[in-house]
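Throughout, protein chains are lettered first and strands after them, A, B, ... in sequence-line order, and every chain is numbered starting at 1.
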Amino acid sequence: MAIIEMNNLWKEYGDQVVLERLNAEVQEGEFVTLVGASGCGKTTFLKMLLGTESPTRGELLLDGAPIPDQPDETRGIVFQRYSVLPHLSALENVMLADELHRHKLIGRAFGGKRKALKDAAMAMLESVGLTQAAGKFPHELSGGMQQRLAIAQALMKRPRILLLDEPFGALDPGIRRDMHHLVLDLWREQGLTIFMVTHDLAEGFYLGTRLWVFDKTRLDPQAPGAYGARITYDLPVGDCDKGTLTAIQEQADATARTMA
Amino acid sequence: MKKLINRQPGRVATWALGLLPFALLLVVYLLASDARLEANPNDKLLPAFSAMGDAIQRMAFEPSKRSGEYLLWADTLASLTRLAIGVGISALMGLVFGIVTGTLPYARAGLSPLITGLSLVPPMAILPILFILFGLGELAKVMLIIIGITPFLIRDLQQRAREIPAEQVIKMQTLGANTWQIILRLVWPQIMPRLISAVRLSLGSAWLFLIAAEAIAATEGLGYRIFLVRRYLSMDVILPYVLWITLLAFAIDFLLARYSRWRYPWFHGSH
Ligand SMILES: Nc1ncnc2c1ncn2[C@@H]1O[C@H](COP(=O)(O)OP(=O)(O)OP(=O)(O)O)[C@@H](O)[C@H]1O
Ligand SMILES: [Mg+2]
């Protein structure tokens with residue numbers, strides 16, 4: 001069974017159509033990269049997966065059931081910023097998921113139990129290369145380290161799907177490349193299912209297993225909100241050539257210009 | 001030549017400039033006091049420093065003839081106790097109601113209008129009611145502080161709780177937290193340093209309400225003493241008392257700021 005299934009999915013805000021007629025299935029273990037012009041609804045789509053926005057029409061299924069309409073541990077998320085908790089050290093941020101799970105009432109572990117959780121968290125910190133930073137607060141970490149921490153924190157919960165909304169958009173290109181390698185490694189090792197939004201189309205072309213391009217197929221320059229974006233390209237990564245890339249880029253640019 | 005707006009005083013200059021107005025005030029006082037005392041040696045309005053020194057000696061280091069107490073210390077203890085109880089209870093209520101109304105939309109809908117309404121009642125106007133209800137004892141005085149600053153604390157902390165980024169609240173849920181755990185592990189720890197800031201801001205009002213209540217009904221306390229000796233125009237006592245209160249207020253504020261920096265480095269590091 002598909003892990004995510006969309007049947008004629010629509011999202012509207014008032015009379016502005018953001019997304020329309022989305023139909024797709026995603027299997028467990030896929031790494032879907034989402035690209036598209038600014039404002040075409042990529043974040044909105046992730047929010048529906050997350051449960052903070054609900055579909056206006058149609059179905060969005062997680063493991064065959066309507067996706068829960070509030071965030072929970074089945075879906076992990078890394079935002080562009082504010083993803084880690086500023087008042088906890090790196091280690092405490094990563095330990096948090098286990099502490100909440102084990103100790104419902106106080107949400108905190110002490111003594112020997114804490115030691116066990118700490119070891120698991122340290123192992124996770126090591127896998128994202130943050131062993132040295134375990135005792136530091138987020139404000140003492142660089143932007144890239146904070147995002148690595150956010151990924152480690154989310155992975156402790158072993159979510160069914162991991163949502164990444166331009167998680168590295170604010171980072172230097174070099175660091176961004178390192179981050180992508182890290183995400184790819186983690187995805188392979190842990191058999192994750194990932195949806196990742198990126199604004200860099202070329203990035204989406206080599207990352208993951210599947211590329212989705214969100215774009216408006218119909219566009220009324222007088223009323224940009226009249227029609228929503230659809231998935232205009234659904235490509236297996238690796239199969240697409242340079243020509244496709246250019247074509248997609250030009251189309252997305254045209255949409256962006258009309259909407260601006 | 002740099003523009004004035006771009007010129008910074010150095011370390012020494014900053015201190016010197018900061019101390020200068022105090023020194024000037026002191027000199028002006030000395031000159032004025034000397035001039036008045038020369039004209040009339042019994043003048044009470046601007047007592048000489050020696051007279052104030054005598055008063056301090058009397059109030060702080062000699063037992064009172066009537067009660068055998070060291071008055072300055074007894075007054076200080078009484079006032080600080082009231083202040084601590086009043087501010088402490090207010091802070092606790094501000095914390096609880098601020099978090100609850102800031103975090104839970106249903107609680108906010110139910111309580112916010114009431115809290116806003118209460119915050120608009122001028123506390124001094126209901127002081128007589130407090131005296132009628134609670135008598136002239138300690139309770140009325142502490143109540144005035146509580147009524148005076150609690151609405152502000154609640155509203156401020158509610159606002160601070162609402163300012164916690166939605167991303168973090170969502171994050172907690174994706175880590176499996178329920179509402180109680182979100183409050184316990186996210187909202188409460190993040191509100192604590194903000195509680196300290198809010199308390200620091202409200203301390204000025206707390207002193208005001210304390211001294212007002214003591215002036216009207218008390219048998220000891222810094223405010224009581226000032227208003228008592230006013231009858232004898234004892235400026236030699238009043239001025240040192242005012243200075244002492246100012247010093248206490250400064251010390252409390254300073255200690256709270258220091259504590260906050262030490263206890264919540266993440267808060268001060270990122271702000
Ligand atoms: N809560 C909301 N109410 C009304 N309109 C909204 C709301 N959230 C998003 N929108 C609109 O929906 C459209 C899609 O926004 P969204 O944030 O999903 O775009 P995006 O593809 O993520 O863009 P970007 O690449 O800039 O992040 C925008 O036109 C936005 O104005
Ligand atoms: Mg977006």
Side-chain angles (χ1 to χ4, degrees), chain A residues 46-47 49-53 68-90 92-109 135-141 146 149-150 153-163 165, chain B residues 95-96 98-100 102-108 156-157 159-199 256-257 259-271:
Chain A
L46 281 201
K47 281 181 178 168
L49 286 175
L50 184 62
T52 55
E53 291 285 352
D69 64 354
Q70 62 178 357
D72 63 23
E73 57 229 78
T74 55
R75 292 146 292 159
I77 179 127
V78 175
F79 298 102
Q80 193 165 3
R81 47 201 290 247
Y82 297 133
S83 270
V84 290
L85 306 180
H87 64 287
L88 298 180
S89 71
E92 288 169 327
N93 262 292
V94 178
M95 285 173 67
L96 187 58
D98 282 346
E99 282 190 295
L100 294 170
H101 178 67
R102 298 283 171 82
H103 305 271
K104 285 283 174 241
L105 202 59
I106 52 170
R108 236 193 144 105
K136 292 192 172 164
F137 284 109
H139 77 265
E140 299 169 297
L141 305 179
Q146 287 186 26
L149 178 59
Q153 182 186 45
L155 290 183
M156 285 303 282
K157 205 63 222 179
R158 307 207 163 274
R160 293 289 290 147
I161 56 177
L162 180 62
L163 308 172
D165 192 352
Chain B
L95 191 64
V96 171
I99 287 179
V100 167
T103 315
L104 307 174
Y106 266 97
R108 184 157 63 244
D156 189 68
L157 293 175
Q159 192 52 38
R160 300 284 96 76
R162 294 188 69 182
E163 281 169 9
I164 293 175
E167 285 91 340
Q168 290 177 20
V169 179
I170 292 171
K171 185 76 200 195
M172 288 295 287
Q173 298 179 62
T174 62
L175 295 180
N178 56 34
T179 301
W180 169 244
Q181 291 178 320
I182 292 174
I183 290 179
L184 209 59
R185 293 296 318 263
L186 174 70
V187 184
W188 179 46
Q190 291 211 17
I191 284 298
M192 280 309 287
R194 294 168 167 99
L195 172 70
I196 294 180
S197 311
V199 164
L256 283 175
Y259 174 77
S260 186
R261 286 198 160 276
W262 169 76
R263 182 69 182 75
Y264 306 104
W266 56 268
F267 180 73
H268 300 278
S270 52
H271 280 68

statement: Between the CD atom in B:Glu163 and the CD1 atom in B:Ile191, the distance rounded to the nearest 0.5 Å is 8.5 Å

query: Side chain, backbone, both or neither: which part of B:Ile164 has a non-hydrogen atom closer than 4.5 Å to chain A?
result: neither

- request: Give, as side chain, backbone, both or neither, the part of B:Ile170 having an atom under 4.5 angstrom from any heavy atom of chain A.
  value: both

Among the listed options A:Lys104, A:Met156, A:Glu140, the residue most often paired with chain B at heavy-atom distances under 4.5 Å: A:Lys104

message: Using heavy-atom distances under 4.5 Å, tell me whether A:Ile77 contacts chain B through its side chain, its backbone, both, or neither.
response: both

query: Measuring from B:Gln190:CD to B:Gln168:CD, what's the distance to the nearest 0.5 Å?
result: 5.0 Å

Shortest non-hydrogen contact between B:Arg108 and B:Thr103, atoms and distance: NH1-N, 4.3 Å

field: Non-hydrogen atoms of B:His268 and B:Ser260 that approach each other most closely
entry: NE2-OG, 2.8 Å

task: Mind ranking B:Leu184, B:Val169, B:Thr174 by heavy-atom pairs under 4.5 Å with chain A and telling me who comes out on top?
output: B:Thr174

field: Part of A:Arg108 lying under 4.5 Å from any heavy atom of chain B
entry: both

field: Gap separating the CD atom of A:Glu99 from the CD1 atom of A:Ile106, nearest 0.5 angstrom
entry: 8.5 Å

task: Pick whichever of A:Asp98, A:Leu105, A:Val78 has the most heavy-atom pairs under 4.5 Å with chain B.
output: A:Leu105

- request: Would you indicate whether the side-chain heavy atoms of B:Leu95 and B:Met192 approach each other to under 4.5 Å?
  value: yes

message: Angle between ring planes, B:Tyr264 versus B:Trp266, binned at 30° and 60°: parallel, tilted or perpendicular?
response: perpendicular

Contacting region of A:Phe79 [heavy-atom separation from chain B under 4.5 Å]: side chain

query: What part of A:Gln153 is in contact with chain B, defined as an atom under 4.5 angstrom from a non-hydrogen atom: side chain, backbone, both or neither?
result: both

